[in-house]
Amino acid sequence: LGLARIPLVAATALAFGIVHLPDWALSALTAGAGIFWTAIFLGTRNLIPLAFTHAWLGTLAYYWVLERDPWSELNP
């Protein structure tokens with residue numbers, strides 16, 4: 001896109017956090033993770049490890065940080 005790396009990472013992380021609204025805690029966590037994931041993607045251009053870490057860390061964040069059970073939310 002021709003943008004400098006730091007603004008690009010910041011904008012992408014912010015967008016990643018916004019799509020996880022209206023849960024503000026989850027949105028803040030994902031925006032923080034989006035900083036690292038975007039920086040990693042810009043260096044490697046590989047989505048597969050990012051997809052696995054997104055699923056793995058997202059599940060752990062639900063259990064340990066948000067103290068919610070994502071499985072029970074899918075099967076009420």
Worksheet item: Among all residues two or more places apart in sequence or in another chain, which pass the side chain to side chain contact (heavy atoms under 4.5 Å, CB included) test with Phe36?
Response: none
Worksheet item: What residues, two or more places apart in sequence or in another chain, satisfy side chain to side chain donor-acceptor pair (under 3.5 Å) together with Arg5?
Response: none
Discussion item. Does anything in residues 50-67 form a salt bridge (charged side-chain N to carboxylate O under 4.0 Å, His left out)? List the pairs, not counting sequence neighbours.
Written reply: none
Item to complete: Identify, with sequence neighbours excluded, every residue that meets side chain to side chain contact (heavy atoms under 4.5 Å, CB included) alongside Ile6.
Response: none
Response to the item:
Using a 4.5 Å side-chain heavy-atom cut-off and chaining through intermediate ILVMFWY residues, the residues clustered with Tyr62 come out as Leu26, Leu29, Val65, Leu66
Worksheet entry | ILVMFWY clustering at 4.5 Å (side-chain atoms), partners of Ile18 | Leu14, Leu21, Trp24
Fill in: Under 3.5 Å donor-acceptor, Ser27 side chain and His20 backbone
no
Worksheet item: Are Leu50 and Leu60 connected in the hydrophobic side-chain network, where two residues link if heavy atoms are under 4.5 Å apart?
Response: yes
Fill in: Nearest heavy atoms of Ala13 and Gly34, plus distance in Å
CB-C, 3.7 Å
Practice prompt. Report whether Ile48 and Phe16 are members of the same hydrophobic cluster (ILVMFWY, side-chain heavy atoms less than 4.5 Å apart, transitive linking).
Written response: no
Fill in: Residues forming a side chain to side chain donor-acceptor pair (under 3.5 Å) with Thr59, sequence neighbours excluded
none
Worksheet item: Is there any side-chain hydrogen bond (donor to acceptor under 3.5 Å, both in side chains) pair reaching into residues 36-45, and which pairs are they, with sequence neighbours excluded?
Response: Trp37-Thr53
Worksheet item: How far does CD1 of Ile35 sit from OG1 of Thr30, to the nearest 0.5 angstrom?
Response: 10.5 Å
Worksheet item: Do the side chains of Leu47 and Phe41 get nearer than 4.5 Å, heavy atoms only?
Response: yes
Response to the item:
Applied to residues 20-39, the salt bridge (charged side-chain N to carboxylate O under 4.0 Å, His left out) test, sequence neighbours excluded, yields Asp23-Arg68
Practice prompt. Sort and list the pairs that fulfil salt bridge (charged side-chain N to carboxylate O under 4.0 Å, His left out) and have at least one residue in residues 50-59, not counting sequence neighbours.
Written response: none
